[in-house]
Amino acid sequence: MKTSTKKIALMVPVLAVVAGCIPSPRELETTPVQVQTPKGVVTCQLYRQDRVDWDRAIDFPATKMSVPEADAYCQQEGQRRLKR
């Protein structure tokens, strides 16, 4: 076996173990919250209490706002809760 092939063969199990230690966003979901906005109610899926990177909208008035705008409201709500 070539040296590079041996390295890859050794790294695959290590990467699999490390990947198994990282929780998926689904494991960190909180109960969805509703945020009142000037354009209507946005339902947000918030995740970790100490970050807002994954916070997103799961329901919003689609005829009045875009997905990025709805997600921004959710990230703002996550930030607001972070500062409490």
Quiz prompt | Residue pair Ala70 / Phe60: nearest heavy atoms and the distance that separates them | solution = CB-CG, 3.6 Å
Exercise. Would you name the heavy atoms of Thr43 and Pro32 that are closest together and state the gap between them?
Key: CG2-CB, 4.0 Å
Quiz item: Is it true that a side-chain atom of Asp71 and a backbone atom of Ala57 form a donor plus acceptor pair closer than 3.5 Å?
Solution: yes
Quiz prompt | Over all atoms of both residues, closest heavy-atom pair of Gln75 and Asp53 | solution = NE2-O, 3.8 Å
Practice problem: Scan residues 46-84 for pairs that pass disulfide bond (SG atoms under 2.5 Å apart), counting only residues two or more places apart or in two chains. | Solution: Cys44-Cys74
Exercise. Evaluate the side-chain proximity of Gln79 to Lys83: yes if any heavy-atom separation is below 4.5 Å, no if none is.
Key: yes
Quiz prompt | Linked, directly or transitively: Ile58 and Tyr73 (ILVMFWY side chains, under 4.5 Å) | solution = no
Quiz item: Is a side-chain donor or acceptor of Asp55 paired with a backbone partner of Tyr47 at a separation under 3.5 angstrom?
Solution: yes
Exercise. Check whether any side-chain heavy atom of Val42 sits under 4.5 Å from a side-chain heavy atom of Met65, and report yes or no.
Key: yes
Exercise. Keeping to residues at least two apart or across chains, list the salt bridge (Lys or Arg N to Asp or Glu O under 4.0 Å) pairs with something in residues 33-49.
Key: Lys39-Glu69, Arg48-Asp50
Quiz prompt | salt bridge (Lys or Arg N to Asp or Glu O under 4.0 Å) against Lys64, all qualifying residues, sequence neighbours excluded | solution = none
Quiz item: Considering only heavy atoms from C-beta outward, does the side chain of Gln45 approach that of Val33 to under 4.5 Å?
Solution: no
Quiz item: How long is the gap from OG1 on Thr37 to CD on Glu77, to the nearest 0.5 Å?
Solution: 11.5 Å
